[in-house]
Amino acid sequence: GLGDVYKRQVIEIADNSFSKSSIEEAILTEGFKYIGLNAFSDCKKLHQVVLPVSVEELENSAFENCNSLKSISLPMLLKTIGDAAFKETGLRTLDIPKSVFWIGDDLLAECQSLEHIKIPDNIARITDRMFMNCSGLKKVELHEKLNAIGERAFFGCSSLDFIIIPDSVQPVSYTHLRAHETCADL
């Protein structure tokens, strides 16, 4: 009956829900599992996001271009983070939970404020363009189980003086890592 409809819990923030809006805070209550495609993209004033532990999926571009977002705590049971989910945000660092088994390309690309990142050992691959043009990135901590580094993962990371590539990584083409050259040099 109709009564059942009202008992159903809302478990997702639908695609494009708040995209380009002027919201400043997004504090989600327990029960949400899914943050949709572009759900909060281009929210220029969004500076605080609280995600409940129930969130398992962040879709592509969920928070892309939220330049005022300086930090976010990802839920402990999160499983997947889509392409460009945090591209062009103001994040200074990001702790990827141990529960995550899949991350998309361009995850933190164009994050000029990003300074430090530690890749946990549940992430086997640095995805394509993951940190492209993160010009403030100074320190990247990789782990011994890492097996691949995607194309242009660190391209344009002009503050990254060195990076230790574990022996576990399959032969890396040098263009993936070149941090200081422009596209024209490659």
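Quick note: numbers below take in every heavy atom, side chains included, and nothing from hydrogens, waters or symmetry partners. The first residue of the sequence shown is numbered 1, and numbering continues consecutively from there.
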**Nearest heavy-atom neighbours spanning S68 and K44** = OG-O, 2.5 Å
**K98 NZ: over 12 foreign heavy atoms closer than 6.0 Å** = yes
**E110 with K87: basic N within carboxylate O range, under 4.0 Å** = no
**Request:** Taking the side chain as every heavy atom from C-beta outward, state whether F154 and L160 have any pair of such atoms under 4.5 Å apart.
**Result:** yes
**Message:** Using a 3.5 Å distance criterion without hydrogens, assess whether the side chain of N122 forms a donor-acceptor pair with backbone atoms of V100.
**Reply:** yes
**Prompt:** Given side chains that start at C-beta, do those of L107 and F86 come closer than 4.5 Å, heavy atoms only?
**Reply:** yes
**Asked** Would you find a donor on one side and an acceptor on the other, under 3.5 Å apart, between the side chain of S41 and the backbone of E64?
**Response** no
**Asked** Are there more than 12 heavy atoms of other residues, nucleotides or ligands under 6.0 Å from atom CD1 of I164?
**Response** no
**Asked** If Ile, Leu, Val, Met, Phe, Trp and Tyr residues are connected whenever their side-chain heavy atoms lie under 4.5 Å apart, and connections chain through other members, are L108 and L37 in the same group?
**Response** no
**Message:** Test your reading of the model: is there a side-chain donor-acceptor pair from D83 to the backbone of D105, 3.5 Å cut-off?
**Reply:** yes
**Request:** Mark yes when over 12 heavy atoms from residues, nucleotides or ligands other than D95 sit less than 6.0 Å from its CG; otherwise mark no.
**Result:** no
**Request:** Please indicate whether K139 has more than 12 foreign heavy atoms, meaning atoms of other residues, nucleotides or ligands, lying under 6.0 Å from its NZ.
**Result:** no
